[in-house]
Number of protein chains: 2
Amino acid sequence: MSSAGDQETSRLDDAARAGWLYYVAGNTQDEIARKLGVSRQSAQRLVSLAVSEKLVKVWLDHPIARCMELSRDLADRFGLASCQVAPSDPDAPAALTGVAQLAAGDIERMLKSDHPKIIALGTGRALRASVEQLPKMDCPQHRIVSLLGNMMSDGAATPYNVVIRMADRVNARHYPMPLPVFARSMEEKLLLQQQEAVHNILELARQADVTYVGIGNIGDTAPLLVDGFVSREETRALIKAGAVGEITSWVFDRSGRLIDGLTNDRVASANLEVSPAKPVIAIAVGMLKVDAILAAMRGRLINGLITDEATAEHLLTH
Amino acid sequence: MSSAGDQETSRLDDAARAGWLYYVAGNTQDEIARKLGVSRQSAQRLVSLAVSEKLVKVWLDHPIARCMELSRDLADRFGLASCQVAPSDPDAPAALTGVAQLAAGDIERMLKSDHPKIIALGTGRALRASVEQLPKMDCPQHRIVSLLGNMMSDGAATPYNVVIRMADRVNARHYPMPLPVFARSMEEKLLLQQQEAVHNILELARQADVTYVGIGNIGDTAPLLVDGFVSREETRALIKAGAVGEITSWVFDRSGRLIDGLTNDRVASANLEVSPAKPVIAIAVGMLKVDAILAAMRGRLINGLITDEATAEHLLTH
DNA sequence: ACTCTGACTGAATATTTGCCCGTCTAATTG
DNA sequence: CAATTAGACGGGCAAATATTCAGTCAGAGT
C-alpha cells in the first residue's frame, strides 16, 4: 500500500511539475515530454491531470473578472440565454454609462449582420441611454419596431422615444406605434389595435428577431407613475394585487405572472411573448428594480439581461 | 488624452473578458470571438494580451515535494526566516522565470498591504526580471527606495534600473539614488553622502520594512566586472583578499565578512544591515553564484532567499 | 496636402494540443 | 495457471492555437 501511495504522490508531483512547466514556464508539451523523459502524450496527460486535480489555479486580476462571474451565476441561476454585467462606478451606482455601452455593443453586433433582422424596442431611460451610445451606421436591411405606443392618453408624445432615435442613428426602416400607451378602456384598445397599420406593427413585433426592453418597478418611484401614465390610485390597486414590476407597461407580480385586470386591460403594447430561440433582453439597473427584475426572470418574461455589478450582486443575494 | 486612456482601458477590459472566458470559463477562442463580436485572430490577440499584461495569474497549488524539501532544508541549515525554491527548467537552468514569479508574488503580497511600507531594492538581472512580472497596481501608500547609486562613474545611467521600473508599474513614490555606484575615493564618497537628498534616501533605506537584493559573484563573470564597475586589476586584488561575492556592490569573503578596504572604501551604497525583524531577501540563481550565496548566508547578510531547485541542491551539497 | 509611422486587421500558414483507438502490461480472479 | 480486465501507452488525426505577412487606417510631423 505504501508503494501505491508513493506512486500516487509521485504521479501528482510529476503532474505539478508538468503543469508548472506548461503554465508558468511556458513550455510546449513536447518540451515537457523531453524534460520529464516521457512521451508527448504522457506529458499531455500529466498537464491535464494537473488541471483536473485542480492543481493549477487561474484567476484574473482585473475588475472585469467579478462581472464575468456574476453574469455566469445569474445566467445559471435564472436560466438566461445571455447575461452581461457592466462594472459599477462605485461613486455613481445609478449611472447608466456602463450598461449603456454594453447594451450598445450588443445592439451594434446585431446591426452589423447583413441578414435582415427585425429589432423590437421598449422604452425607458436605460434603453434610451443605450441607443445614444450607438455609432452612426447604415443599416437599411433591418427594421426597428416599437413594442408600445408613443403617446400619452391626451395625444402628447411620450418621452424616451427610442425607436425614432435609434432609426435616426442607424438609418433603418422603423415602425413607431401611433397609439397611446394605455387606451381608455379595453374596448377602445381592441378598436385601436384593429387599425391596419397598428395591426401590421404588432405582427412585426411578434416576429422580432431580438427584443430589447426596460423593466420598471411599481410604487412611488415607478416610471409609470412618475411619467403620468397611471394615477396614484391605480398604483395602490396594482400593489394590492401583488404587482412588483412592468415591462412595456404590462404589469406583473413577484412570480412574473401578469396581473389580471386593472391597467393590464388597457395596455396597448404588444403581448409579452418569449420563445427560447429569440432573445428578449432586458436592460435594467438599480436597487429599486431588483424585485421587478427577479420577477421578470422567474416568470420567463425575459431570457437575457444586461445590468451592472451592484444590481447583479443584489439579484444573487435575494 | 482622456480618450486615449479610455481606449486603452477598454482594450484591457476586453482582454480581461477574453482571458476570463478562455481560462476560467474554458471557452474556445472561436466562441470568445463570437461572444465579443470580433474575429478569431483578434480574440487570440486579446487572450495573449491578457497574459502579457499579467492579468491572468496562474498558480500551482501543489507543493512540489522536492522544492518544499529543499526550501525547508535551506532555511534550517542557514537560519533563514524565509526561503522559497522554484522548480528548475532542466534545459534552461539559468532561466529566471520561476524565481522571478515567486519573487513577484512575494513583492505583490507586500504591496497589497494598506499599511504604508518602505521597500528597498538592490539591482541585478534576477531582481529586474522579478519586477517585470509585477502586475499593474496602484500603491501610492508605499515608498520604494534604492539601496545603491544608479550611475556609472562617468555619469552614464546603470542598466537594470529596478526602482524606476517598479515604481512605474505600481505607481508608488520612489527614491532612486542620484550617485555613482562607486565614488572615486573614500573622501568623495563621504562628501557625496552628505548631500541632503542622498542623506535622506540612505536614512529611508535604513528604515526599510523589506529589502530585496541580488547577489553577485566575484571573478571573470562577476556582474561588477562585466558591467564595468571594477577593473580586472581590482578584481584580482579582491580575489586575493578572499572575496567571493557582493550585495549592492559591498564585497564579502567566504564567511560573509565585508572585505576591508579596496573597492569597499568607495562603495556609495547603503550599509548592509540586517535586523531579524526586517526581511532582507536575496533573489539569486545559478551555479556561479553558489559560493556567493553560501557566504551571504553564513555572514547573515541576508535572512531570506528565493532561488531555484538546481541552485538549492548545490547550496545544500557544498 | 503629403508622407511616414505605428498599430491594427484578416488571411494564410505553421505549430501545438486534445482525443480516439488499437495494443500492451500487470493485477485479479476463477 | 489461464483468462479477464482495468489502465496506461503511443500513433495518428482533427481541432485549436500561434505566428507570419501583407494590406489598411488614423494621427503626427513636415
- Does A:S130 use its side chain to pair, donor to acceptor, with the backbone of A:A104 at less than 3.5 Å? no

- Nearest-angstrom distance from the residue atom CD of A:E31 to C1' of D:dA18: 14 Å

- Task: Using atom CG of A:L49 as one end and atom C1' of D:dC9 as the other, report the distance to the nearest whole Å.
- Result: 15 Å

- Task: Verify the contact: side-chain N or O of A:S42 to OP1 or OP2 of D:dG10, cut-off strictly under 4.0 Å; return yes or no.
- Result: yes

Output a table of donor-acceptor pairs, distance under 3.5 Å, between side-chain atoms of residues 72-81 of chain A and any protein atom two or more places apart or on a different chain; print 'none' if there are none.
{"from": "A:R77", "atom 1": "NH2", "to": "A:L316", "atom 2": "O", "distance (Å)": "2.8"}

- Task: Give a yes or no on whether the backbone of B:S42 and the side-chain of B:S39 come within a donor-acceptor separation of less than 3.5 Å.
- Result: yes

- Between B:S146 (side chain) and B:Y175 (backbone), is there a donor-acceptor pair under 3.5 Å? no

- Query: Once each nucleotide of nucleotides 12-22 of chain C is scored for protein heavy atoms under 4.0 Å, what B/S/- sequence comes out, 5' to 3'?
  - Reply: ----SSS----

- Message: I'd like to know whether B:H314 forms a side chain to side chain contact (heavy atoms under 4.5 Å, CB included) with B:M287, so could you lay out the CA-CA distance, the side-chain angles of the two residues, the decisive distance to 0.1 Å, and finally the verdict.
- Response: CA-CA 7 Å; B:H314 278 76; B:M287 298 309 107; 3.2 Å; yes

- Query: Between B:E313 and B:L70, is there a donor-acceptor pair closer than 3.5 Å when you use the side chain of the first and the backbone of the second?
  - Reply: no

- Task: For the pair B:D106 and B:R109, find out whether any cationic side-chain nitrogen is under 4.0 Å from an anionic carboxylate oxygen.
- Result: yes

- Message: Using five pairs at each end of the helix from C:dA1-D:dT30 to C:dG30-D:dC1 to define an axis, what is the angle between those two axes, to 10°?
- Response: 30°

- Message: Please determine whether a side-chain nitrogen of the Lys or Arg among A:E108 and A:R169 lies less than 4.0 Å from a carboxylate oxygen of the Asp or Glu.
- Response: no

- Under 4.0 Å between a side-chain N or O of B:S39 and OP1 or OP2 of C:dG10? yes

